[in-house]
Every structure is written in C-alpha cells, then in structure tokens.
Amino acid sequence: MDSLTRPSCLVRSSLHRSLFFSYKMTSLREVRASVSVQEPEALRASALDLLVTRRQQQPSAAIITTTVDSTPPGRVTDDPSLKSTWAHRAWVACGCASVLATLAKSGIAAHGDATWVECLLAGGLGYLAADLGSGVYHWAIDNYGDAGTPFFGPQIEAFQGHHRWPWTITRREFANNLQALARATAFLLLPVDLLPGEPGLHAFAGTFLGCLMFSQQFHAWSHGTKSRLPPAVVALQDAGLLVPRAMHMAHHRPPYNNNYCIVSGVWNRLLDEAKVFQALEMLVFFRFGVRPRCWSEPTLEWTEEVDDRLPS
Ligand SMILES: [Zn+2]
Ligand SMILES: [Zn+2]
C-alpha cells in the first residue's frame, strides 16, 4: 500500500528553538516535508538532513517537496529574542559613554568662539556623514553576503529578516536594537579618545558614530505609527531631521533598491536620482562578478509578511 502516514517527530533544542518536522508518503510516492523553525539556519539544516536521510531510506520516493516556514520573532508573546539583556544594556552604556567622552573631549579642547564654531560645523558634518554612512552600510548588507559572512553575518541576517518581518523592529527593546552598533561604536571611538584633544576631529567623530549608533532607533521610529510616537519624534521626522516614515516605507516596497539612508534620510533623494547605488552595483559586478540581491525578482526574504496581530 503506497499511502501511509508516519508520525511526526518534534525536536526541541531550547524553549524558543523548536523544530517541528513532519513528513508523509503519499500515494504519488511524494515526500512532503514541512519545517517550522524560529532559529532558521541550524535547525533548517537539521530538518533537511533528516529529509535527505529519509529519502535515502525510501529510494522509491520520486519527488521531494519542501516547504520551509520561518516563524518570525514577535509572533510569540514575550519573545525573548526581542528583549534586552544586561549584556545588551552594558554595551549600549559603553557606546553612549564613549560618544559622550569624545564630545566632552572636543568641548574641553575648544577655546574661544572660533573653535566653538569649528566644533558645531564638524558636528553638523558628522550628522550628515552618518546619514550617508548608514545608507552605504544598509545597501551593502541588504544586497551582499548572508548569515555565514564573517563578522557581518548576524547584521546581514537581521536586516534581511527585517524586510520579511518589518513590524518586529517596533517590538524590539531599545538596548536589544542598538547593542550591535553600540559595540562597534565603543571599539571605534576608543582609539579616537586616546588621541590628544582636537576640537573638530572629536566633534566630528562623536557625532558621526553617535548618530550611526542611534540610527537603529531612528529606523524603529520610522516604522512607528504616528499616533503612538512621542510628539517630539514626529516633529523631528516631519522636519526631516530624523528619517521620515513615508520615506522609509518606500524602501520596503518594490523594487527594494532605494531610500537606504536611515539617520535623517537627507541623502536618499540625491543618491537615488543619481543612481549611485546602481553604479556601485555595476562596479562590484564587473570587478568581482557578484550580483546584488536587488537585481533578482523579490523572493520570500524580501516580501513582507502581514502581521495578523496588528489592527488594520
Ligand atoms: Zn533594507
Ligand atoms: Zn525598515
């Protein structure tokens, strides 16, 4: 008899790292596998290994169909992956302390009105450069590499997951959201803080890295609902000093290749109209033969899943 159904097996590696794997042999000798994972890579690999093993045990199976379903963070009440840990808070504290130390060093080194003007100009340049830097970094990790990329892998996976489940950023706690960039900020500012006080340099470095560190918070606010955001944040978004909500929403719509900057978004129009990122993509392709992800038809990774818990 061809048609038989096998019992499902449940593999649980930790509280929120569970894998449900089931299969059945249909009358068409087709193995159907359904995999639901919350920590996709390792467990998905385990599930597919299991499937291959079964296939070897059932050589008559002619067709294998797999459906891989990643359950997004945030669907589970009190999802721990969105919570801040004490380590996250400590890194954000280190990042903030290093930014404040750098700005303080700039202030202490400043003397006279002329130097204060230099500090303010350098700080303004740092703010503008941070928006540009956030765009270049966001473009790079949206389009190149994957979870296995050395050093940047977790950020790449997080940003690509963000395109599929953008609403989760509004449920992610503050320190959880900022900790990766805070860690980088603390390490990058350490050598700058060891340099002798230079008002312009320290004002630029402190503002540049401070804005980059908080870019994930500005990004989270751009996904917020106007009525739920603090009025001051809405006012800054409407003034174009923080990335506006409508501008960033355009990034989450096809063709998914524009509006990458997430500090103030001031560079977005210029970069998109001048097709700067398209030019960089051509450069990378002809130099290294690597195609950016945005050249392909949008896949599941890019397509936003509707959160059925949100009010319409
Ligand atoms: Zn993106
Ligand atoms: Zn976003």
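As the structure lists them, so they are numbered: ligands from 1, and atoms in each ligand from 1.
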Problem - D131 side chain vs W267 backbone, donor-acceptor pair below 3.5 Å - result: yes

Completion exercise
The complete set of ring pair (Phe, Tyr, Trp, His ring centres under 6.0 Å) pairs with one or both residues in residues 195-235, sequence neighbours excluded, reads H162-H219, H162-H223, F204-F208, H219-H223, H219-H248, H223-H248, H223-H252

Fill in the blank from the handout: The N/O/S atom of D142 lying closest to the Zn ion (ligand 1) is OD2

Problem - N/O donor-acceptor pair under 3.5 Å between N177 side chain and R172 backbone - result: no

Practice task
Sort and list the pairs that fulfil ring pair (Phe, Tyr, Trp, His ring centres under 6.0 Å) and have at least one residue in residues 78-133, not counting sequence neighbours.
Solution key: W91-F187

Exercise for the section: List for me each residue that meets side chain to side chain donor-acceptor pair (under 3.5 Å) alongside T207, sequence neighbours excluded, and say none if there are none. Expected result: none

Problem - Distance filter under 2.8 Å, centred on the Zn ion (ligand 2) - protein N, O or S atoms that pass it - result: H162 NE2, H219 NE2, H223 NE2, H248 NE2, H252 NE2

Handout entry: Short side-chain to backbone donor-acceptor contact, T115 and A110, under 3.5 Å
Key = no

Problem - Name, closest N/O/S atom of H138 to the Zn ion (ligand 1) - result: NE2

Exercise for the section: Report yes or no: does D272 contribute a side-chain atom to a donor-acceptor pair with the main-chain N or O of N259 at less than 3.5 Å? Expected result: yes

